[in-house]
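One structure below.
By convention here, the first residue in the shown sequence is residue 1. Not measured: the values here are computed from a predicted model.
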Amino acid sequence: MKKKAVEIKLQNGLEARPVAMLVQVASKYESKIYLEAAGKKVNAKSIMGMMSLGLDIGDQVTVTAEGADEEEAADAIESYLIGA
């Protein structure tokens, strides 16, 4: 299992379109991927789950990936959230 603490640096936070893009990034990987913030943990491959977090620029999240490609999955999610 791979865990990373990430600060969101996307200019507009995670509104509908950026959430949809994040779900697309997460869906490319076999691993189970979760984002956790403010005591709430959701599946990164679920648009509704991700929207329920209400994340914004500057928020801290923990990315957890578990599976065969967990390292690549966690890195890809981190890169997306920091706007790289």
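- Counting heavy atoms of neighbouring residues, nucleotides and ligands inside a 6.0 Å radius, atom CD of Glu30 does not exceed 12 of them.
- The hydrophobic cluster containing Leu14 also contains Ile82, counting ILVMFWY residues as joined when their side-chain heavy atoms lie under 4.5 angstrom apart, directly or transitively.
- A single hydrophobic cluster is not seen to contain both Met51 and Tyr34; linkage of ILVMFWY side chains at heavy-atom distances under 4.5 Å, directly or through other members, places them apart.
- Salt-bridge check for Lys32 with Glu66: failed, with every basic side-chain N at 4.0 Å or more from each acidic carboxylate O.
- Although no hydrogens or angles enter the test, the distance criterion places a donor-acceptor pair under 3.5 Å between the side chain of Ser52 and the main chain of Gly49.
- The line from CG of Leu22 to NZ of Lys45 is 11.5 Å long, rounded to the nearest 0.5 Å.
- Side chains of Leu35 and Leu81 form a contact here, defined as non-hydrogen atoms less than 4.5 Å apart.
- A distance-only check finds no donor-acceptor pair linking the side chain of Asp59 to the backbone of Ile8 [under 3.5 Å].
- Under a hydrophobic clustering in which Ile, Leu, Val, Met, Phe, Trp and Tyr are joined whenever their side-chain heavy atoms come within less than 4.5 Å, directly or via other members, Ile57 and Val61 fall into different clusters.
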Q: Evaluate side-chain contact (heavy atoms from CB on, under 4.5 Å) for Ile33 paired with Ile77, printing each intermediate quantity in order.
A: CA-CA 9 Å; Ile33 306 168; Ile77 298 296; 4.1 Å; yes
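- The 12-atom threshold is not exceeded at NZ of Lys3, counting heavy atoms of other residues, nucleotides or ligands nearer than 6.0 Å.
- Summarising the geometry, atom NZ belonging to Lys9 is positioned 9.0 Å from atom CD belonging to Glu78; distances are rounded to the nearest 0.5 Å.
- Residues Glu70 and Met1 come closest through the heavy atom pair OE2-N, 3.2 Å.
- Under the 4.5 Å side-chain heavy-atom criterion for grouping Ile, Leu, Val, Met, Phe, Trp and Tyr, Met21 is connected to Val25 within one hydrophobic cluster.
- Under the 3.5 Å distance criterion, the side-chain polar atoms of Tyr80 are matched with a main-chain donor or acceptor of Pro18.
- Residue Lys2 comes nearest to Ala74 through the heavy atom pair CG-CB, 3.7 Å, listed as atom of the first residue, atom of the second, then distance.
- Here the side chains of Asp75 and Lys4 are in contact, with some heavy-atom distance below 4.5 Å.
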